[in-house]
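Below is one structure, written out as structure tokens, with a few remarks after it.
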Amino acid sequence: PVEKPLAGKTALVTSGPTHEPIDPVRYIANRSSGKQGHAIAAALADLGADVTLVSGPVTLPDPAGVRVVRVESARDMLAACQAALPASGLLDVAVCAAAVADWGVDVAPQKLKKQDGAAPPAIALRPNPDILATLSAAGPQRPRLVVGFAAETESVIDHAVAKRARKGCDWICANDVSSATGTFGGDRNTVHLISADGVESWPDLPKTDVATRLARRIAETLISP
Ligand code: C5P
């Protein structure tokens, strides 16, 4: 039926921040709310897709009709995404909307203690896996369509075009997150959709409308011959 163009299609969406544990009680995080990723998962499900949402820690409710896998760290998020790839056949679309921490910490097994007169502990960072790049380079398991986001504060389109090439994904949704725009944690987003065909700039829209529009574009692409 026309209103469920993604019936029979499988989708994976990442959303939210990651928390990178420092010790059993502390972590490093970022300000992602998960609103855009969760809205995309809901919009894909509305169009009939079988959706797995891999979400970092957020305060949002689980979208209806979506399988939700909750994770904390970037490493856990990558493992959950890999586990969500079908055993046979290909995932139709992966949308990486999570704000994955670039670096993790070698977790201390016990709570770091203050010690009188001692210098503060140093936190050594190590690079996290890049989930978008990993899925884009998954060879025979690569999803048919891989979509990433680019949060930029300047030269938004140029940086996003370069990011699309670097990550090896098909589309990048570039958004301006300079603090004046209020995108992080806010309800609206201005997106430029970058593909091999060029740049399509969308108006400033509620994140739910960005999600609906993206889901429709995904449906058009997946069902076109
Ligand atoms: O490199 P940058 O973080 O700007 O790239 C943003 C895009 O890459 C987003 O789609 C984000 O979900 C994805 N990403 C990822 N894993 C990382 C870092 C970013 O999937 N470790």
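Ligands are counted one by one from 1 in listed order, and the atoms in each one are counted from 1 as well.
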Q | Pocket residues of ligand 1, ordered first by chain and then by residue number (heavy-atom cut-off under 4.0 Å) | A | Cys96, Ala98, Val100, Pro129, Asp130, Ile131, Leu132, Gly148, Phe149, Lys163, Lys167
Q. Can you list the residues that meet the salt bridge (charged side-chain N to carboxylate O under 4.0 Å, His left out) rule with Arg70, with sequence neighbours excluded?
A. Asp62
Q: Would you mind reporting whether Phe149 and Lys163 have side-chain heavy atoms less than 4.5 Å apart?
A: no
(Q) Given the ring of Trp171, does Arg217 sit roughly above its face, with NZ or CZ under 6.0 Å from the centre of the six-membered ring and within 45° of the axis? (A) yes
Q: Check whether the side chains of Glu152 and Asn175 place a donor and an acceptor atom closer than 3.5 Å, and report yes or no.
A: no
Q. Is the backbone of Lys207 close enough, under 3.5 Å, to the side chain of Asp187 for a donor and an acceptor to pair up by distance?
A. no
Q. Checking side chain to side chain contact (heavy atoms under 4.5 Å, CB included) for the pair Val13/Val54: CA distance, chi angles, key distance, verdict?
A. CA-CA 6 Å; Val13 179; Val54 178; over 6 Å; no
